[in-house]
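Reviewing the structure listed below.
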Amino acid sequence: MVNKSLITEAFEEVDYLREKMPAFDVDFDFERIPLLEKDEIVEDPLKLMAPCYLPLLYRGELVRNDTSGSTGKYMEVYWRKQDYIKSMYPLWFYRNYFYGIRTWDKMCRFYTISRVGVSEEMERYTKTGLEFSKNDLSEERLLDIYHKMEEFQPVWLLLQPCIAELLCFVKTKYQLPDLASLRYIEMTGEELTEELRERIRNCFHCPVANQYGANEVNSIAYECPQGHLHCMEDNVYAEVLDDQGIPVADGVTGNIYVTTCHNHAMPLIRYGIGDRGSIEENTCSCGHHGRILKLRSGRKDDWIRMEDGRKINPYVFIRAVEVVNAIYERSIFQFQVIQRAYQDFLIRLAVDEEETADIRYCFLENIGDEELKDAQYEFSFYEKLFPDMNGKRKFFRSEIGG
């Protein structure tokens, strides 16, 4: 359920929320609280921060967790460290409860960007992990990555479905051996189709679970071994509303809104996550008590298509945006890339900078694929957010068939 003390604190301390609901009462009716949309705060997310947390922000004592950009919109979210840890605890609990995965188990994952202003790290080691850049995921490099995974012996993989699909391709084509240490694969960040799930499971011979979340609030729902996506109610309160903001009945599809249970520094309350789905009462015997979430329309899996048949992960463009935002202090707050032909792209950017020529140059220099840097690009700049793109992974669209 909702954290009433956190919500009360937020409406007492955050001017922006208080202006949205001046008559807020401690004995509130939750469904009377106004909805919060990303477009309201994406250009100035700090207006959601209470003044008492600003000194912690300026001293660098808050955890920063930027949104991934998979919706085409960027926003930084700040947490107190202790709140962030509490937010992650339910996910780690169920990883262990269902699949025996613990915090110290060795894992592999892929990242979009590591460093700005220096040569990109193509791989890096953490305390328990081996991580790989999404840049230049050619067949040759994927082979090298797979062999390094064999040497590293991960217990689990944290992957986006598009990356898992590439690993399945190279493992099958070259008849590579199984990763003997691998016990579990977690999918996140994009829609996972049943066909792809089955292919991954048959390729790697281990359980594959879906984790649905957002960097703004961390985990929203997690899949049990019986295939149900359970709401993580110890972390967020999820609700499904119609287009007028009215709660729908169980099993009816609507817009998903979430409320944080832990983030005091930047409290997202009745926040539109941009996906659609339905929620049903829990009838599962797995041991997870959360209601069951069913996503109805999710994340489109367009690929950048090249004339020679090669497919490139569109996250190479997210890297370019992240570098621009790091250098020019978050100047891009919405973007979309449209592939009109094999070597022809339209880049749409909503920016708050007048020096668009510098942004254009920086964007092109930091596209995460060398071949794509030589393509033709047309840039369109906007001062405000352009019309919303429904569903995740809409930051990129290919107009090439096949």
Side-chain angles (χ1 to χ4, degrees), residues 38-39 41-49 54 56-79 109-124 126 131-137 189 215-216 266 304 312-339 345-386 389 393-396:
K38 192 168 188 175
D39 287 1
I41 56 175
V42 67
E43 296 183 52
D44 182 19
L46 290 183
K47 64 187 177 184
L48 272 186
M49 183 175 291
L54 290 175
L56 300 180
L57 172 67
Y58 298 140
R59 293 199 299 266
E61 296 177 11
L62 296 179
V63 175
R64 175 171 168 165
N65 199 22
D66 290 1
T67 60
S68 67
S70 63
T71 60
K73 299 176 185 175
Y74 269 91
M75 185 175 75
E76 68 260 25
V77 178
Y78 292 92
W79 301 69
R109 63 179 286 268
F110 288 72
Y111 57 86
T112 303
I113 184 174
S114 60
R115 301 179 294 182
V116 176
V118 295
S119 298
E120 178 69 40
E121 286 182 300
M122 298 309 284
E123 62 191 59
R124 64 189 182 192
T126 66
E131 304 178 347
F132 303 97
S133 170
K134 294 177 187 173
N135 283 2
D136 187 30
L137 291 179
N215 284 353
E216 293 99 317
M266 191 171 284
I304 303 167
I312 300 174
N313 187 324
Y315 280 82
V316 295
F317 291 122
I318 286 185
R319 179 185 189 275
V321 174
E322 288 187 351
V323 173
V324 171
N325 279 341
I327 294 175
Y328 293 97
E329 296 184 354
R330 237 192 107 261
S331 58
I332 299 173
F333 47 85
Q334 188 184 20
F335 72 100
Q336 186 181 41
V337 180
I338 301 172
Q339 184 179 19
F345 296 84
L346 171 64
I347 312 296
R348 306 173 71 207
L349 302 176
V351 300
D352 62 2
E353 292 283 338
E354 295 183 1
E355 299 299 326
T356 55
D358 292 340
I359 290 175
R360 182 188 291 109
Y361 175 80
C362 186
F363 184 100
L364 295 176
E365 282 293 299
N366 288 284
I367 294 172
D369 184 276
E370 290 301 318
E371 184 177 349
L372 285 174
K373 291 181 180 180
D374 296 326
Q376 298 297 313
Y377 293 92
E378 177 187 345
F379 283 81
S380 293
F381 291 94
Y382 303 80
E383 292 182 359
K384 297 181 180 290
L385 293 174
F386 41 85
M389 300 169 286
R393 194 73 185 274
K394 285 288 191 180
F395 73 90
F396 175 79

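When a residue number appears, it is its place in the shown sequence, counting from 1.
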Practice task
Test side-chain contact (heavy atoms from CB on, under 4.5 Å) on Gln334 and Val42 and set out the steps.
Solution key: CA-CA 9 Å; Gln334 188 184 20; Val42 67; over 6 Å; no
Practice task
List the steps and the verdict of side-chain contact (heavy atoms from CB on, under 4.5 Å) for Val324 and Asn366.
Solution key: CA-CA 8 Å; Val324 171; Asn366 288 284; 5.8 Å; no
Just how far is it from atom [atom1] of [X] to atom [atom2] of [Y], taken to the nearest 0.5 Å?
X      : Y      : atom1 : atom2 : result
Asp369 : Ile312 : CG    : CD1   : 4.0 Å
Ile327 : Glu365 : CD1   : CD    : 10.0 Å
Leu349 : Ile359 : CG    : CD1   : 7.5 Å
Tyr78  : Arg64  : OH    : CZ    : 4.0 Å
Lys134 : Arg319 : NZ    : CZ    : 12.0 Å

Problem - With Glu370 via side-chain hydrogen bond (donor to acceptor under 3.5 Å, both in side chains) - residues at least two apart - result: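 Residues passing side-chain hydrogen bond (donor to acceptor under 3.5 Å, both in side chains) with Glu370: Lys373.
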Handout entry: Evaluation steps, ring pair (Phe, Tyr, Trp, His ring centres under 6.0 Å), between Phe379 and Phe363
Key = CA-CA 10 Å; Phe379 283 81; Phe363 184 100; 5.6 Å; yes
Handout entry: Audit row: Leu46, Leu57, side-chain contact (heavy atoms from CB on, under 4.5 Å) steps and yes/no
Key = CA-CA 10 Å; Leu46 290 183; Leu57 172 67; 3.9 Å; yes
Exercise for the section: Check the pair Ile367, Tyr377 against side-chain contact (heavy atoms from CB on, under 4.5 Å), reporting the backbone distance first and the verdict last. Expected result: CA-CA 12 Å; Ile367 294 172; Tyr377 293 92; 3.4 Å; yes
Work out which heavy atom in [X] is nearest to a heavy atom in [Y]; give both atom names and the distance.
X      : Y      : answer
Ser133 : Glu121 : CB-O, 3.5 Å
Phe333 : Glu383 : CZ-O, 3.6 Å
Arg59  : Leu56  : NH2-CD2, 3.2 Å
Arg348 : Ile338 : CD-CD1, 4.3 Å
Glu76  : Met266 : O-SD, 3.8 Å
Asn325 : Ser331 : OD1-N, 3.1 Å

For the residue pair [X] and [Y], establish whether any side-chain heavy-atom pair is separated by less than 4.5 Å.
X      : Y      : answer
Ile304 : Phe345 : yes
Val337 : Pro314 : no
Val351 : Tyr328 : no

Problem - Partners meeting side chain to side chain contact (heavy atoms under 4.5 Å, CB included) with Glu131 (sequence neighbours left out) - result: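 Result, side chain to side chain contact (heavy atoms under 4.5 Å, CB included) vs Glu131: Arg109, Tyr111, Arg124, Thr126.
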Problem - Aromatic ring proximity Phe317/Phe335, centre distance under 6.0 Å - result: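 Not close enough - the centres of the two rings lie 6.0 Å or further apart.
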Handout entry: Check: Asn215 main-chain N/O paired with Asn65 side-chain donor or acceptor under 3.5 Å
Key =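 Yes, the answer is positive, given that a donor and an acceptor are paired below the 3.5 Å cut-off.
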Practice task
Count the heavy atoms belonging to other residues, nucleotides or ligands that lie under 6.0 Å from OH of Tyr361, then report whether that count exceeds 12.
Solution key: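 Open: at most 12 neighbouring heavy atoms sit under 6.0 Å from OH of Tyr361.
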Practice task
Step through the shown structure and confirm whether more than 12 heavy atoms of other residues, nucleotides or ligands are within 6.0 Å of CD on Gln376.
Solution key: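 For Gln376, atom CD is not crowded (no more than 12 foreign heavy atoms under 6.0 Å).
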